[in-house]
Structure formats: C-alpha cells, structure tokens
Amino acid sequence: MLDIRLLREQPDLVRAGILRKGEDPANVDTAIGLDARRRALVQQGEALKSRKNTVSQQVAAMKAKKEDATSVIAEMRGVADEIKALDEELKRVEEDLRTVMLQIPNLPDASVPDGRTPEDNKPIAHWGAPPVIDFTPKPHWDLIKSLGLIDFDRGTKITGAGFPVYVGKGAKLERALISFFLDHAEASGYTELLPPLMVNADSATGTGQLPDKEGQMYVAPLDGFYMVPTAEVPVTNFYRDEILGEEQLPVKLCAYTPCFRREAGSYGKDVRGLNRLHQFDKVELVNLVHPSRSMQALEDMRATAEQLLQKLGLHYRTLLMCAGDLGFTQVKKYDLEVWSVGQQRWLEVSSVSNFESYQARRLNIRYRPAGGGKPEMVHTLNGSSLALPRIVAALLEQYQTPEGKVIVPAALHSYTGFEVIG
RNA sequence: GGAGAGGUGGCCGAGUGGUUGAAGGCGCCGGUCUCGAAAACCGGUAUACCGCUUGCGGUAUCCAGGGUUCGAAUCCCUGCCUCUCCGCCA
C-alpha cells in the first residue's frame, strides 16, 4: 500500500497516478476521511489513558501510605469502559482504513508511457532476428509428441489438464534449464533459496495475492495453506517484519520453484502445448534495495534475464509496459517476449517489476540508515529469469531440423549431457 | 498422534498484581585515560502512532488475541510457535 502521509499531503498527485492506471480514485477521499477520524480517536483515547495511568499511580502511592483510596477507585471505574469503547471504534476505523488503502493501487513512474491496452506497451529493445528456416516449422506440441518429451495425456490422468509429465530427455532438458538459470543468477550475485511450496495467509497477503486474487491459487483449506503461484511469494516474505542494516543492501535472492496457477477462463490456442499450464517451472529473482537505487536495480534485473535469452540464442524483444497494463502494485515493468517460430507470435517469458515501497510497506520490510536514525521502507523488485515452458517451446521450435530432431544450444550441453534430441 | 516444559529488549537473563519500558550481564555507540590500542571507568543504546515541534510531551508494545482489576510482563481463557520424552515415518 501507499504511505497514508502521501495521501494527506499530495492527494492530487495520488489521484492523477490512479487515473493513469485506469482505476477509480474515489478511495483517496475515503482514506483521508478515515485517517482524520482515526487521529481524532487516538487523541481522545490517549488523553483518557494518560489520566488513568496517573490515577493508578496515585492509588499505589495511597495504598503504600495506608490511606483510603475508595473514592478515587470509584471515580476511575467508568473511565475504563470509556477507553474500551473508544478503542473498539478506533479498531474498526483502522480496519476500514487498511481495507481502503489496500484497494488503492501503486502509482506509475513518470517514465512509464500512458496507455490502456497491450498495444500501448512500448517495444524498447530487440535482440537477434527471426530464425530463417527453409522448411515449414512445426509447433512445439508436435515436436513434443513425436520426440516423446512431455506426456500431457497421462498428466491429465494423474492430476488434470495443465499438469504435464516431463519424460526422458524432456525431463533432463527441463532440469538442465533450471540449473543453467540458477547458475547464471548466482554468477550475477544472487543467493539461492529453495523455499516452501506452500505458504500461509500472511505471506500471501504480504505479496498481494490475498485478498483479491484468492481464486488464482490452489488452496489446502484444512491447514490454511496456499500453493505458491510464483517463488516471489515465499522469497519476498523471507524478510517480512524485519529491519535490515543498510550495509546488508542490496539483498539479491533467487529461487527455483514450480508455480501453481488455477488460471480460470483461458481457452483456445493460447493454452495449447506449453503456452499455459496449471503447474510450470520458473526461476525468480527478488531484490530488496535502498530506495535511491531501485530503478537501477530494475535495469540490472532486466539485463540478467536478457542475458539468458542471448546465451540460448533466442530472438526476443523487450517491452516497457504502459500505465494501464501495469499490475496493481507495480510502478514500472518490463516484459520479455521470445519469438515462437512454430506459432509465429511473441510469447511472454519474463516480467520484471519495481514495486518501490508499496510491497515493503505491506510486508513491513525496512532498513536502518547507515548513520543511524529511523528505519525506512526498502524498495522491492522481482522478475522471472526465466519461466521455463515457453522457453522450451521457443527453443524446440527454433532449433528443429527438417528430420524432426532438435539441436540443443551449446550453452546447455554441459547441463544436458546430450547435444541432439531425437 | 500421546505426555510434559516454555515463549521477556540486538543477544543472554531477572522479575508472579502497583512509580517496571522493564534489574543484571553481553554486544554496540560516544567520552575519560593512552603515543595508539586493550583494560578500567563514565554516559548512551527499541519500535510504532499522536501532538506541539530541529527537542520534548503523551500513548501502546514483555509471542498473538480476548478476559478479570482502579491498576497486568505478573492472574484466567483461546490460538500460534519452540524444546524434551514416547509413538509413527521419507
């Protein structure tokens, strides 16, 4: 959430940002009103508590001197009830305020272009060129079937649609890519975590999956756990409710996890083959940085992800997302899209975002400035580096031979132990 | 799953109803001493919110939430977590 002080002091700026995202700024005034009410209640309640404390000490002093305190005690009897009533109303107001604040989105950065739809996203970089193939390239789902790399049908039998079973060289290729991605992150200064694949409600709330995106997660209701939709959730929560030393920054964490998404409502060619799954593998990067360095960190993370695509020799483009296509919590975001030869379209394989202090405030992750002084919110960022299935799809399609084999890119040889599939 | 013990400040640890935000120790910061350092000694050392405000005042916080009381770290209830023993188990 945003800092309530920003709403108090610069409501117009907040409203303008919300409008750029295409959201309704009405909540700003609601929040400001609740905040004023809250502060009035705090002052009333604290005045009473102050008196209560003073009188209680008087009672203690009188009893020590064996004096009669009956009349003073009787006088205070009603005050406790007054305090309780005020505290209850304060609690309600604070809950309402938090609810409203959670409904106010983060504001887009000044460098983010205006726009409402994906067409307004701004391509800012291209790498490579569409591969020249002098035969009709097959889509990856045909290659997967003929080479026996992934068994979708048996996955459906075991669990359901969208839960693939990787088989033989398909499994080995998946494992090779995960290791390759993690090693690259490590070389870029990241510390690897292998986190829980289920999280509790506090964690899911901290990163913003709850309360509104509950329907996108798989739930274990008996224990109140959620299957992770992305490693962002357990990894960003690693330092929840902690105060870091400034010298610890930047914190750079990476993690491989399977990701579980219910993804209701998708259909058609978008879900064929590896395009969209309920369970898929991904390596995620998370940064906790000093506020003055988050925009640089965003560029660094984007570069880290792009380098992987370059090493794999995959043609890709980078988009700067427009204000209307930003997520609720994001200030600035890049998407990386890889070219699918078999499908003749771009596939999103990475999304790199800066949340500034919005997520940190919700997670309560702060740092103590080096010279001492009050703790301040860190800035958080995350990015995929990378999501596996569409990489596998693009890779199979781009490196296929007329005979229906697939040449493994050199960068992966030491991981796969084979150079050709088929 | 069964039985027991326990959760106090950055850390260790005292405290079982009344000037306790919390003894003592460690750590850390500043100072004295020293050519310098160590030792010793002195002082300081939480977070959040509210208010006036370059400092101060108020309130809350001794796992969390409720309760008893004029007053709770201290008593009662619930939850969470940790440890020990037994059982089960990759």
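Order of the sequence lines sets the chain letters (A, B, ...), proteins ahead of strands, with each chain counted from 1. Computed from a prediction, not measured in an experiment: that's the story for all the values here.
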Around A:Glu186, counting heavy atoms of other residues, nucleotides and ligands shown, do more than 12 lie under 6.0 Å from its CD? no
For A:Glu242 and B:C11, give me the distance from atom CD to atom P, rounded to whole Å. 11 Å
Do the side chain of A:Asp151 and the main chain of A:Asp153 share a donor and acceptor less than 3.5 angstrom apart? yes
If pairing requires Watson-Crick or G-U wobble contacts with both distances under 3.5 Å, which nucleotide is the partner of B:U59? B:A48
Of A:Gln43 and A:Ile73, whose closest RNA chain B nucleotide lies nearer the 5' terminus? A:Gln43
According to a strict under-4.0 Å criterion, is A:Arg368 in side-chain N/O contact with OP1 or OP2 of B:U47? yes
Residue mapping more 5' on RNA chain B - nearest nucleotide basis, A:Ile4 or A:Ala61: A:Ala61
B:U61 and B:G21: how far apart are their P atoms, nearest whole angstrom? 11 Å
Counting side-chain heavy atoms from CB outward, which of B:C50, B:C70, B:U47 is closest to A:Ile243? B:U47
Crowding at CZ, A:Arg98 (>12 non-hydrogen neighbours, <6.0 Å): no
Measuring only the P atom in each nucleotide, how far is B:U84 from B:G13? A whole number of Å is fine. 16 Å
B:G30 -> Watson-Crick or G-U wobble partner, both distances under 3.5 Å, gives B:C42
If we take the C1' atom in both B:G15 and B:A90, what is their distance in whole Å? 45 Å
Name the residue from A:Asn27, A:Leu97, A:Asp29, A:Ile4 that meets the side chain to side chain contact (heavy atoms under 4.5 Å, CB included) definition with A:Leu34. A:Leu97
Ignoring hydrogens and geometry, is there a side-chain-to-backbone donor-acceptor pair from A:Asp142 to A:Pro139 under 3.5 Å? no
With sequence neighbours left out, write down each residue that passes side chain to side chain contact (heavy atoms under 4.5 Å, CB included) with A:Glu192, or none if nothing qualifies. A:Leu182, A:Cys254
So, is A:Arg38 close to the B:C50 phosphate, meaning a side-chain N or O under 4.0 Å from OP1 or OP2? yes
Hey, are A:Arg368 and A:Glu246 close enough for a salt bridge, meaning a charged N less than 4.0 Å from a carboxylate O? no
Roughly how many Å apart are B:U69 and B:C76, using the P atom of each and rounding to a whole number? 16 Å
Going by distance alone, is a donor N or O of one side chain under 3.5 Å from an acceptor N or O of the other, for A:Lys282 and A:Thr257? no
On the nucleotide B:C49, are OP1 or OP2 found under 4.0 Å from the side-chain N or O atoms that A:Arg39 carries? no
The Watson-Crick or G-U wobble partner of B:A90, with both key distances under 3.5 Å, is none
If we call it a pair only when both distances are under 3.5 Å in a Watson-Crick or G-U wobble match, what pairs with B:A37? none
Do A:Gln343 and A:Asn275 have side-chain N/O donor and acceptor atoms under 3.5 Å apart? yes
Quick one: look up who B:U19 pairs with, Watson-Crick or G-U, both distances under 3.5 Å, and put none if it's unpaired. none
Does B:G18 have OP1 or OP2 sitting under 4.0 Å from an N or O in the side chain of A:Gln57? no
Can you tell me which nucleotide in B:G51, B:U47, B:G18 comes closest to the side chain of A:Pro375? B:U47
Without decimals, in angstroms, what is the distance between A:Leu48 CG and B:G71 C1'? 16 Å
Under a 4.0 Å heavy-atom criterion, the protein footprint on nucleotides 53-67 of chain B, written with B, S and -, is -----BBS-----S-
Inter-nucleotide C1' distance (B:C80, B:G66), Å rounded: 15 Å
With P as the reference atom in both, quote the distance from B:A60 to B:A22 in angstrom, rounded to an integer. 13 Å
Using Watson-Crick or G-U wobble geometry with both distances under 3.5 Å, which nucleotide pairs with B:U78? B:A64
Applying a 3.5 Å limit to both distances, which nucleotide forms a Watson-Crick or G-U wobble pair with B:G4? B:C83
In whole Å, measure the gap between the C1' atoms of B:A73 and B:G7 for me. 12 Å
Could you tell me how far apart A:Ile83 (CD1) and B:A72 (C1') are, to the nearest whole angstrom? 14 Å
When you compare B:A39 with B:C28, how far apart are their P atoms, in angstrom units rounded to a whole number? 9 Å
